[in-house]
Amino acid sequence: MAALSVPVLSFPHQRKLPTSSTVNNDLRFPNYPLLSLIEQCTSLKELKQIHAQMLRTGLFFDPFSASKLITVCAMSSFSSLDYAHQVFDQIPKPNLYTWNTIIRAYASSSDPIQSIVVFLRMLDQCCESPNKYTYPFVLKAASELKASRVGRGFHGMVMKSSLASDVFILNSLVHFYGSCDDLDSAYRVFLNIPSKDVVSWNSMIKAFVEGDCPDEAFQLFREMEMENLKPNDITMVGVLCACGKKADIEFGRWLCSYIQRNGIAVNLTLNNAMLDMYVKCGSVEDAKELFDKMPERDVVSWTTMLDGYTRMGKYDEALRVFEAMPNQDIAAWNVLISSYEQNGMPKEALSVFHKLQVSKSAKPDEVTLVSSLSACSQLGSIDPGRWIHIYIKRQGIKLNCHLTTSLIDMYAKCGDLEKALEVFDSVERKDVYVWSAMIAGLAMHGCGRAAIDLFYEMLKAKVKPNAVTFTNILCACSHTGLLEEGTSLFYQMEPVYKVVPGVKHYACMVDMLGRSGRLKDSLEFIEKMPIPPTASIWGALLGACRLHGNVELAEHACGQLLELDPRNHGAYVLLSNIYARTDKWDRVSRLRKAMRDSGIKKEPGCSSIEINGIVHEFLVGDNSHPLCKDIYEKLDEIAATLKAIGYVPNKSHLLQLVEEEDMKEQALNLHSEKLAIAFGLISTAPSQPIRVVKNLRVCGDCHAVAKLVSKVYKREILLRDRYRFHHFKDGHCSCGEYW
DNA sequence: GATGATTAAA
């Protein structure tokens, strides 16, 4: 107890202590001068000096006085909970008030579990029962921890006690169930509050908002009015938040006028909530108007404006706001990074992350790392991904499930399945997203069996699969041709696992049936679906038709698809490929004309390869690269070498009708993935694998070429396309031709 | 001697 052996130093406000003879627990010094000093304390050092004095005089053994000390230790600006706890442990018989103080302090600390630990100790050691103050504190801790079983236990204790109708406790319970996403229980408690106050309503409204039920939140707001209960600023913050979720600008504007009309006190938080509502409803103009009028702005106000501009894609404005902010905290950096990352600009995201590193103006937090890792995943950029992983380790940042998921996803999508598995195995706590990410990783690398095994391991670990898990596992089955396993899992989803199949799951099934050649079953499956088929469903069937060269069904699927999504260029490309493959060149040109007429362009194929941290991108026939001459020389060499061993280009993978046979061959030879592979061959060491990322599906001819290159040049090639990985080695591909 | 509900980023 080093902290307790503080010497009595010269104490500026020290007064002469009355010399009391004996010390006992009943001693009371309500007006004792030392006590008022406690409240004037401004540092832990002073507090320790008072503590020492109290020990000397015996005042410490007066429960009232000791509690005062604990309160200040635990709750003041310079608080030290550790010290407070040590002090607490020195009190021979703390009273209920003292127990409550320490429970309360822990509940709002960064370590709320201690609150519950102390509570349990109190049940054992304190002769008094928990009172109406105790429960709100421990329930707050349970809410923070989302400890639903523990909190439910508290609920039970409350009901058995005489406190079952205390409005403070019941409101805390509403809040607790709300934080545990148990809206039913929250609402049940709410309904049973005998005399609801405004906090009851606010808690329930907030619970609905957070549980993604904005309509219920509005409904409650209306009921509140009908009961003639005046909403306050906090009510409005909740309702505005709901409004943002609904993106209903009209209602939002009405709410703002409601606030004015009803004279609700507008403070900074409420203004920020209105700003946020405008931004979420897509009106950065309204937000700007309010922002300019606000008497006081804080970092949240600025960050919200920043968010508003990025949402509208107005990055110039956004950057201006970012520069103008009084201080750029990590949240502001995160808005920029995540906005770029989520809007298909992963390079920009990483560049902002890099600037953050250089500027050192804020410390990256979990959100920064998650967004940046996701940018790496999108780019297939393993070097910055590895760097972030090392950063996490060096900073001693503990891997939580969010970060773990991102790391697994990054390694898997950058082609390092081994490393993804290593991260997966290294963590103890695995939530459903961690498991699902690993299943997805195995799936995209063609390890369908392993993915299924992992799924069963996950069940054994008592983690409940969700919709994401099933998308990934079905995807694994369809990528590996595990029709039976996939089908059986699909039909178990709802009855066994209580996960209602969504459109993604149906699409996986269509894909799975189609790929395995059961095109008719696939069509029948679509016709029997309980939800209307979407473009992606028909797209899956169309893809399968291409694989099996079924022109008729392809035309049907394509027609359906275009009806739902007339501008879907992918559909045109797939159908065109099918025509080309079956030598229906007249139809290819007709389709081509239709595309031209409606102004639909094929999304250009783009392949990228990262060398020494720099991402090089190639389009078809690209000659913008500085080393383009060398690249084309290498391509010619590859073509000659492969021809010599008997390779014949497969021309059916062309979209357009190219009259001259030579031209066709050339166009094929200039596919972006081939350019990237050629560049990889000349710019990496022979021992290095070549990692290429393509935005579309890899073309069949390029696939064949990559296989041969991997053999002739003795190079591993990792090619990630839109759907999965192709790991070429010794003339074989990990996909086993199943793609 | 005290308690509950409040805004930004994945």
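Residue numbering restarts at 1 for every chain, and letters A, B, ... go by the order of the sequence lines. Hydrogens, waters and symmetry mates are skipped; everything else that's a heavy atom, side chains included, is used. The model shown is predicted, which means the values in this text are computed figures rather than measured ones.
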Can you see whether A:D365 engages A:T368 through a side-chain donor-acceptor pair at a distance of less than 3.5 angstrom?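 The answer is yes; a qualifying pair exists.
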Are side-chain N/O atoms of A:T304 and A:D307 paired as donor and acceptor at under 3.5 Å?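 No pair is found: no donor N or O on one side chain lies under 3.5 Å from an acceptor on the other.
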[X] near the nucleic acid: base, sugar-phosphate alone, or nothing, with a heavy-atom cut-off under 4.0 Å?
| X | value |
| --- | --- |
| A:E366 | base |
| A:V370 | nothing |
| A:D233 | nothing |
| A:N267 | nothing |
| A:T269 | base |
| A:T71 | nothing |
| A:N232 | base |
| A:A273 | nothing |
| A:N271 | nothing |
| A:N400 | nothing |
| A:V367 | base |
| A:K280 | sugar-phosphate |

Which nucleotide sits closest to the side chain of [X]: [options]?
| X | options | answer |
| --- | --- | --- |
| A:V237 | B:dT7, B:dA10, B:dA5 | B:dT7 |
| A:A331 | B:dA8, B:dT7, B:dA5 | B:dA8 |
| A:R104 | B:dA5, B:dA8, B:dA2 | B:dA2 |
| A:E341 | B:dA10, B:dT7, B:dT3 | B:dA10 |

Aromatic-base stack, A:H402 on B:dA10, cutoff 5.5 Å, angle under 30: yes
So, A:F168 and B:dT3: ring centres less than 5.5 Å apart, planes less than 30° off, yes or no?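 The base of B:dT3 is stacked with A:F168 (centres under 5.5 Å, planes under 30°).
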With a 3.5 Å distance limit and no angle check, can you tell me whether A:S374 reaches the backbone of A:V370 through a side-chain donor-acceptor pair? no
Counting only N and O atoms by type, is there a donor-acceptor contact under 3.5 Å from the side chain of A:D166 to the main-chain atoms of A:F168?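 Here the side-chain-to-backbone pair exists.
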Could you check how far [atom1] of [X] sits from [atom2] of [N], rounded to whole Å?
| X | N | atom1 | atom2 | result |
| --- | --- | --- | --- | --- |
| A:L270 | B:dT6 | CG | P | 14 Å |
| A:N334 | B:dA8 | CG | P | 14 Å |
| A:W333 | B:dA10 | CH2 | P | 17 Å |
| A:E144 | B:dT6 | CD | C1' | 14 Å |
| A:I205 | B:dA5 | CD1 | P | 15 Å |
| A:I102 | B:dA2 | CD1 | C1' | 15 Å |
| A:K363 | B:dA9 | NZ | P | 22 Å |
| A:L356 | B:dA9 | CG | C1' | 13 Å |

If only side-chain N and O atoms of A:K206 are considered, is one of them under 4.0 Å from the OP1 or OP2 phosphate oxygen of B:dT7?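 For A:K206, the contact criterion (side-chain N or O under 4.0 Å from OP1 or OP2 of B:dT7) is met.
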So, are A:R253 and A:E289 salt-bridged, with charged N and O less than 4.0 Å apart?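 Salt bridge between A:R253 and A:E289, a charged N being under 4.0 Å from a carboxylate O: no.
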A quick test of your reading: do over 12 heavy atoms of other residues, nucleotides or ligands sit less than 6.0 Å from CG of A:L268? yes
Students often mix this up, so state it plainly: with edges at 30° and 60°, are the rings of A:H85 and A:F88 parallel, tilted or perpendicular?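 Plane angle over 60°, so perpendicular.
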Check: B:dA8 base within 3.5 Å donor-acceptor of A:N272 side chain: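 No, no donor-acceptor pair under 3.5 Å.
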